[in-house]
Structure formats: structure tokens, C-alpha cells
Asker: 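Below is the structure I would like to discuss, written out as C-alpha cells.
Heavy-atom basis, side chains included; hydrogens, waters and symmetry copies ignored. Both ligands and their constituent atoms are indexed starting at 1 by order of listing.
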Amino acid sequence: MTTQEILRDFPPQREQMLLMLHAVQNNNPGNNITASDIRQVADYLNTTTASVYGVVRYYSMFSMNPRGKYIIRFCKSPLCRMVGAFSLLKSLEKELSIKTGETTSDMLFTLEPSECLGHCDKAPVMMVNEKMYFHLDDARIRDILSQIREQELKKQQP
Ligand code: FES
């Protein structure tokens, strides 16, 4: 689907910009927003590219850099840190062989730090794309990653 086709699903109103940018980003293979996307959104909303850039830069869920198919947002806010998030994040980095902020070489995972994800009572917490995972520990994280990897392998089989 092209960016133009995605935009046509939305009324050309500025309050739709966040939803549009989400849809465009989700559609791109690099899970990012390109300069061309920004121009097209600006034209569609009859606004400036600077105002669209401003929104993309303000919200951490948007990225202009290509990222993995699965974005892992790991909560690093105080309540999660109090119950071991820091050491879990280190395990996650080791498991993925990347540092926070990086993408795996197979372009499957990008690991990003996150502010509070709003489920402090279920800490430690992370989000993988749109799905939340609670009460994390090392074993659960390994399990989540291997489920995703298996799922991707199955998709590649004929
Ligand atoms: S502090 Fe981690 S979900 Fe709130």
C-alpha cells in the first residue's frame, strides 16, 4: 500500500495527523517515517512539512530511522526499576546481542527505552509493538522472544 492510499482512508483534518503517521509508519518495511511521507502528510493536510516534522520528533513512538519489525519498548521508569527492570534490560540486550536504541542485524527487533507504560502495578513491563507484557523475568523474556522468532520462521515457510 502506498502512503497516498493510506492517507485517503483519513479525513484531511489536522487532528487526524497522529493516526495517519501511525498508519504510515506501520506500513513501511523499516517501521519508520520517511521524508517523503512527511511531505505527503503535509500536502494532504495542507500544512507545512515543519509542523509534521515537529510531531514526528516530539513523539518517541515515531522514528525516521529504519527499525526492526518488532519494537520492544522497555519501561525504565522508577517503579519498574525498583523491581529489577535494569538487570532485565541488560539480559534483554544480551539475548538480542544489541544495546538499547539499536536494531538486530536481521531487522527483527529494535530495543527502545520507554517512560512509564501505565501498568506500574504489573511491573516490570514492556511493550512489543502494540502488545503489553507484564511481570517480566528473564525466563519470560526469553519465552516471548522465542515465540516471536518461531512465529516469523513459520511465516517464511511455504
Ligand atoms: S513505571 Fe513501569 S509501567 Fe509504570
Asker: So, for Arg14 and Leu45, which heavy atoms are closest and what is the spacing to 0.1 Å?
Answerer: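 Shortest heavy-atom separation between Arg14 and Leu45 comes out as N-CD2, 4.0 Å.
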Asker: What are the two closest non-hydrogen atoms of His135 and Arg140, and how far apart are they?
Answerer: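 Result for this residue pair: O-CD, 4.0 Å.
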Asker: Mind checking whether atom 2 (Fe) of ligand 1 has an N, O or S of His119 under 2.8 Å?
Answerer: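 Under 2.8 Å: His119 has no N, O or S contact with atom 2 (Fe) of ligand 1.
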Asker: Could you tell me which atoms of ligand 1, counted from 1 in the order shown, lie closer than 4.0 angstrom to a heavy atom of Leu117?
Answerer: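 Counting from 1, the qualifying ligand atoms are 3 (S).
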Asker: Would you mind listing which atoms of ligand 1 come within a distance below 4.0 Å of any non-hydrogen atom of Leu79?
Answerer: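 Near Leu79, the atoms of ligand 1 are 1 (S).
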Asker: Are Lys90 and Glu93 close enough for a salt bridge, meaning some N to O gap below 4.0 Å?
Answerer: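 Salt bridge between Lys90 and Glu93, a charged N being under 4.0 Å from a carboxylate O: yes.
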Asker: Below 2.8 Å, can you find an N, O or S atom of Cys80 next to atom 4 (Fe) of ligand 1?
Answerer: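 No - counting backbone and side chain alike, Cys80 has no N, O or S atom under 2.8 Å.
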Asker: With a cut-off of 4.0 Å, which atoms of ligand 1 are near a heavy atom of Cys75?
Answerer: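 Ligand 1 atoms under the 4.0 Å threshold to Cys75: 1 (S), 2 (Fe), 3 (S).
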Asker: Between Gln40 and Ser36, is there a side-chain donor-acceptor contact under 3.5 Å, judged purely by atom types and distance?
Answerer: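 Result is yes, a qualifying pair exists.
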Asker: In this structure, are over 12 heavy atoms from other groups packed under 6.0 Å from Met132 atom CE?
Answerer: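 Buried by this count: over 12 neighbours within 6.0 Å.
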Asker: Where atom 4 (Fe) of ligand 1 is the corner point, what angle links SG of Cys120 with SG of Cys116, to 10°?
Answerer: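 Reported to 10°, the angle equals 90°.
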Asker: Does some non-hydrogen atom of Ala123 fall short of 4.0 Å from ligand 1?
Answerer: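 Judged by the 4.0 Å heavy-atom criterion, Ala123 does not count as contacting ligand 1.
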Asker: Could you tell me, atom by atom, which parts of ligand 1 come under 4.0 Å of a heavy atom of Ser77?
Answerer: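 The list of qualifying atoms is 1 (S).
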Asker: Got a salt bridge between Arg149 and Glu152, using NZ or NE/NH1/NH2 to carboxylate O under 4.0 Å?
Answerer: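 Here Arg149 does not pair with Glu152 in a salt bridge, since their nearest N and O are not under 4.0 Å apart.
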Asker: Hey, which of Leu145, Ile148, Leu89 is the one that makes side chain to side chain contact (heavy atoms under 4.5 Å, CB included) with Ile72?
Answerer: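 Result for side chain to side chain contact (heavy atoms under 4.5 Å, CB included) with Ile72: Leu145.
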Asker: Need the ligand 1 atom indices (1-based, order shown) with element for anything under 4.0 Å from a heavy-atom of Gly118.
Answerer: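 Selected atoms, number and element: 3 (S).
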